[in-house]
K.L.:
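I'd like to ask you about the structure that follows.
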Amino acid sequence: MSRLHLSLYKKWFDEILNGTKTIEYREIKPFYERLMSKHYDEVKFVNGYGKERPFLVVQITKIMKGKEFYEIHLGNIIETGNL
């Protein structure tokens with residue numbers, strides 16, 4: 001099982017946690033081109049810095065590439081920590 005790791009601002013982190021945000025967008029840039037060229041089953045979102053930062057592990061249902069953004073479609077929350 002492969003896991004993508006991404007950082008989020010608190011607002012977006014909280015929206016994914018409460019279920020109102022089901023798609024995460026990332027701009028199409030060389031960094032994300034390399035990252036998204038692999039297959040991922042889940043994504044670990046972190047908020048903040050340090051060992052005790054809050055995190056969510058969420059199922060990925062699909063990743064789509066649009067004209068300007070990657071769309072990471074999110075499924076169920078698998079794990080949470082340090083909330």
K.L.:
Tell me whether Tyr25 contacts the main-chain N or O of Glu68 through its side chain, where contact means a donor paired with an acceptor under 3.5 Å.
P.N.:
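Side chain of Tyr25 to backbone of Glu68: no pair is present.
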
K.L.:
To the closest 0.5 Å, what do you measure between CG (Asn18) and CZ (Phe13)?
P.N.:
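Asn18 atom CG to Phe13 atom CZ measures 11.0 Å (nearest 0.5 Å).
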
K.L.:
Report the distance from atom CZ of Arg3 to atom NE2 of His5, rounding to the nearest 0.5 Å.
P.N.:
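Arg3 atom CZ to His5 atom NE2 measures 5.5 Å (nearest 0.5 Å).
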
K.L.:
Can you name the closest pair of heavy atoms from Ser7 and Arg26 and give their distance?
P.N.:
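For Ser7 and Arg26, the tightest heavy-atom pair comes out as O-NH2, 2.8 Å.
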
K.L.:
If you group Ile, Leu, Val, Met, Phe, Trp and Tyr by side-chain heavy-atom gaps below 4.5 Å, do Leu6 and Leu83 land in one group?
P.N.:
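They do share one cluster, since a chain of ILVMFWY contacts under 4.5 Å joins Leu6 to Leu83.
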
K.L.:
Give a yes or no answer on whether the side chain of Gln59 reaches the backbone of Asn76 with a donor-acceptor pair at less than 3.5 Å.
P.N.:
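The answer is yes, because a donor-acceptor pair under 3.5 Å joins these two groups.
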
K.L.:
Measure the NE2-CD distance between His73 and Glu24 for me, rounded to the nearest 0.5 Å.
P.N.:
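Rounded to the nearest 0.5 Å, the NE2-CD separation comes out at 11.5 Å.
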
K.L.:
For Ile72 and Leu4, run side chain to side chain contact (heavy atoms under 4.5 Å, CB included): C-alpha distance rounded to whole Å, both residues' side-chain angles, the deciding distance at 0.1 Å, then the answer.
P.N.:
CA-CA 10 Å; Ile72 304 165; Leu4 176 63; 4.0 Å; yes

K.L.:
Cluster question for you: counting only ILVMFWY and a side-chain heavy-atom cut-off of under 4.5 Å, with indirect links fine, are Ile23 and Tyr9 together?
P.N.:
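Hydrophobic grouping puts Ile23 apart from Tyr9.
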
K.L.:
As a test of understanding, state which of Met36, Met64, Lys29 forms a side chain to side chain contact (heavy atoms under 4.5 Å, CB included) with Tyr70.
P.N.:
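Single side chain to side chain contact (heavy atoms under 4.5 Å, CB included) partner of Tyr70 among Met36, Met64, Lys29: Met36.
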
K.L.:
Mind checking what makes salt bridge (charged side-chain N to carboxylate O under 4.0 Å, His left out) contact with Lys10, not counting sequence neighbours?
P.N.:
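Testing Lys10 for salt bridge (charged side-chain N to carboxylate O under 4.0 Å, His left out), a comparison that skips the adjacent residues, returns Asp14.
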
K.L.:
Group every Ile, Leu, Val, Met, Phe, Trp and Tyr by side-chain heavy-atom contacts under 4.5 Å, then state whether Phe69 and Trp12 land in the same group.
P.N.:
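Different clusters: Phe69 never reaches Trp12 through Ile, Leu, Val, Met, Phe, Trp or Tyr contacts under 4.5 Å.
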
K.L.:
Same cluster or not: are Leu74 and Leu35 linked, directly or through other Ile, Leu, Val, Met, Phe, Trp or Tyr residues, by side-chain heavy atoms under 4.5 angstrom apart?
P.N.:
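In one cluster with Leu74: Leu35, yes.
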
K.L.:
I need the Thr61 OG1 to Asp41 CG distance, nearest 0.5 Å.
P.N.:
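Result: 11.5 Å between the selected atoms.
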
K.L.:
As an exercise, state the distance from CG of Asn47 to CZ of Arg53, rounded to the nearest 0.5 Å.
P.N.:
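Interatomic distance, Asn47 CG to Arg53 CZ, rounded to 0.5 Å: 9.5 Å.
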
K.L.:
I'd like to know if Ile77 and Ile63 are part of one continuous hydrophobic network [Ile/Leu/Val/Met/Phe/Trp/Tyr, side-chain heavy atoms within less than 4.5 Å].
P.N.:
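Linked, Ile63 and Ile77 end up in one cluster.
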
K.L.:
Between Val58 and Gly75, what is the shortest heavy-atom contact and its length?
P.N.:
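That would be CG1-O, 3.6 Å.
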
K.L.:
Please go through Phe55's hydrophobic cluster and name the other residues, only I, L, V, M, F, W, Y counting, with side-chain heavy atoms under 4.5 Å joining them.
P.N.:
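Val46, Val57, Ile78, which link up through side-chain heavy atoms under 4.5 Å apart, make up the rest of the cluster.
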
